[in-house]
Protein chains: 2
Amino acid sequence: MFSLPQLEAFVAVAEELHFGAAAERLNMTQPPLSRQIQMLEKKLGAQLFGRTSRKVELTAAGATLLPRARQILDMCIKTDLDVRRVSSGEAGAITVGYTAIAGQSALPLMLRRAAEGMPGVSFVLRELVSTDQMDGLVKGSVDIGLLRPIVARPGVVSRPLMQDRLVVALPEGSSLLGNMAAPQGESLPLGSLDRLPLLMYSTKEARYFHDLVLRLFASAGAHANITQYASQVPALLAFVQAGLGVTLVPASAMAFAPTGVEFHEIDGRHGIQELNRVDLELAWNEETANPAVLRLLKLIETF
Amino acid sequence: MFSLPQLEAFVAVAEELHFGAAAERLNMTQPPLSRQIQMLEKKLGAQLFGRTSRKVELTAAGATLLPRARQILDMCIKTDLDVRRVSSGEAGAITVGYTAIAGQSALPLMLRRAAEGMPGVSFVLRELVSTDQMDGLVKGSVDIGLLRPIVARPGVVSRPLMQDRLVVALPEGSSLLGNMAAPQGESLPLGSLDRLPLLMYSTKEARYFHDLVLRLFASAGAHANITQYASQVPALLAFVQAGLGVTLVPASAMAFAPTGVEFHEIDGRHGIQELNRVDLELAWNEETANPAVLRLLKLIETF
DNA sequence: CTCAACAATTCAGTAAAGGTATGAATGTTT
DNA sequence: AAACATTCATACCTTTACTGAATTGTTGAG
């Protein structure tokens with residue numbers, strides 16, 4: 001196979017149609033240039049130039065080679081630049097895993113800041129529950145995770161990113177609460193949810209929420225009457241909207257509440273305040289080979 | 001800039017994710033392969049693989065390089081093949097110059113034979129009068145000319161390709177001939193055209209026909225009453241169709257005769273037969289650097 | 001703790017690329 | 001017509017770079 005320097009030599013001669021001039025352009029002397037062309041011709045088994053001591057002209061084979069040679073060289077230069085940029089983190093792609101809720105809160109903030117601070121880096125977005133994100137982080141199919149503080153897999157590190165709180169979601173104008181109904185916007189003690197049909201986070205995919213809700217109920221001395229399981233907040237809210245029960249969701253989930261659902265703060269008295277805390281973490285693989293990820297981590301250190 | 005062997009080495013390692021296996025695939029030993037990759041990384045200023053003594057994996061920069069490296073190598077292989085094919089005449093392009101009449105006779109024959117005998121070679125067609133073809137042959141903008149035997153320019157050689165004869169073209173049902181009118185298809189002595197309005201070939205672009213027509217008239221003792229000049233047969237036939245006069249055209253031009261024109265053979269007696277001969281030649285530049293042209297010349301040697 | 005696997009390093013031999021000097025062919029000028 | 005200028009090719013030498021064999025260093029598995 002020919003070599004890239006040979007292609008460069010060929011292009012120079014083809015453009016100058018003069019070995020001396022081409023050699024000068026290539027910062028070399030004429031004899032080795034002649035030999036390079038001869039070598040190229042030999043390797044291709046094709047006469048590329050018709051040349052006498054007075055003029056040089058392209059043959060049909062040479063004319064065929066010229067545009068392709070230019071294209072190959074162009075591609076090499078572009079490739080060189082691209083690889084450098086990706087390597088320096090200046091460009092590249094980051095696959096972000098995020099929970100449905102983070103998609104409404106932390107993700108847009110992060111993307112906005114990244115768009116300003118590191119243009120040239122593109123994002124591949126994947127909505128995943130925390131455990132799937134963790135798997136992805138280990139396998140390398142996810143670069144950055146926006147997830148709940150679940151047990152980390154080896155090699156995956158994380159740090160707190162945002163705090164949130166749970167709020168109560170009920171069917172609008174529902175009679176579930178009976179005479180304990182509170183006006184829209186007013187806080188509600190968890191005790192008022194005692195024995196009400198509770199739409200619950202699944203133990204597997206949403207263990208963090210599952211456990212948190214149980215802790216809160218226990219702390220309030222209320223009985224959790226679980227009637228449905230779902231792993232994602234929008235699914236739970238759909239159940240609420242259908243009037244099937246009540247649930248607790250992060251406050252930021254109110255941003256995409258369907259109509260027919262009303263929200264109430266949870267009464268923080270009796271130590272509930274301290275327990276009612278939903279953490280969102282930023283997680284990544286410690287050994288990530290993606291420089292753009294490192295830049296991103298630095299960029300949103302002060303989130 | 002990196003080298004092609006380095007890209008090959010990179011692709012092999014990226015696909016095997018194992019230096020030893022990649023080295024075997026490349027028919028080399030492992031140490032030089034390791035060094036090639038190191039060199040490539042150094043030249044690109046980028047870590048391409050994350051490697052321990054237990055596993056090798058692509059970095060983001062490496063993942064960016066891989067498809068591009070494959071593309072570059074593919075293009076190199078294709079280019080190599082294409083250049084060889086063009087050089088051997090197996091593929092390539094031939095620019096054919098041809099007169100309007102040859103476009104109806106010799107050109108289709110030639111193209112049909114070429115399509116069978118040298119598939120892979122494409123043709124660029126340019127309808128040109130003979131003198132323009134000759135210029136093109138000298139400049140190299142025309143590879144093959146189908147033209148009249150005009151004076152050849154240095155470096156251009158030609159050989160006879162087809163013979164034809166002139167026929168008389170008259171407005172259909174015309175009264176121009178007066179009582180000398182002949183039934184359609186019957187031959188006509190040139191003397192019957194004496195003093196009739198004659199639509200003539202221009203002396204410059206169609207000198208060959210111009211001179212031939214004058215010779216024929218002189219030989220028949222008829223007076224050429226030239227009323228119009230044109231350089232191309234279709235233009236002359238259009239004049240005939242309009243009833244403006246008569247003219248002589250090659251018999252093969254009858255193929256694209258407009259309606260309203262009738263043709264008659266020229267009476268060949270009294271030595272006219274021998275003079276009435278229109279040659280078409282095949283011409284090319286002796287120093288053509290287009291191998292496909294040489295193949296074509298060989299292919300239609302026996303036309 | 002030893003072994004096996006695997007990438008990195010060292011070193012010597014060889015192939016390839018570049019430079020200088022020179023030759024050969026072909027227009028151009030006097 | 002002869003000397004000259006231009007330009008590509010060749011010869012020869014030096015330096016660079018690549019290759020293979022032997023060896024080292026590191027890391028995970030038994």
Atom [atom1] of [X] and atom [atom2] of [N]: how far apart are they, to the nearest Å?
X	N	atom1	atom2	answer
L26(B)	dA7(C)	CG	P	13 Å
L40(A)	dA16(C)	CG	C1'	15 Å
E8(B)	dT19(D)	CD	P	11 Å
M39(A)	dG18(C)	CE	C1'	13 Å
N27(A)	dG19(C)	CG	P	9 Å
M28(A)	dA17(C)	CE	C1'	8 Å
Q36(B)	dA7(C)	CD	C1'	15 Å
K42(B)	dC18(D)	NZ	P	11 Å

### Task
Give the B/S/- string for nucleotides 5-16 of chain D, one per nucleotide from 5' to 3', where a protein heavy atom under 4.0 Å of the base yields B, of only the sugar-phosphate yields S, and otherwise -.
-BBBBB-B----
### Under the side-chain contact (heavy atoms from CB on, under 4.5 Å) test, residues paired with V86(B) that sit two or more places apart
A60(A), A61(A), T64(A)
### Query
Are the charged groups of D80(A) and R84(A) less than 4.0 angstrom apart, N to O?
yes
### Salt bridge flag under 4.0 Å for residues E286(B) and R153(B)
no
### Query
What pairs with E15(B) under salt bridge (Lys or Arg N to Asp or Glu O under 4.0 Å), at least two apart in sequence or on another chain?
R25(B), R70(B)
#### Entry: Closest contact, heavy atoms only, A283(B) versus L147(B)
CB-CD1, 3.9 Å
### Message
Ring centroids only, cut at 6.0 angstrom: are F10(B) and F49(B) within range, meaning strictly under it?
### Response
yes
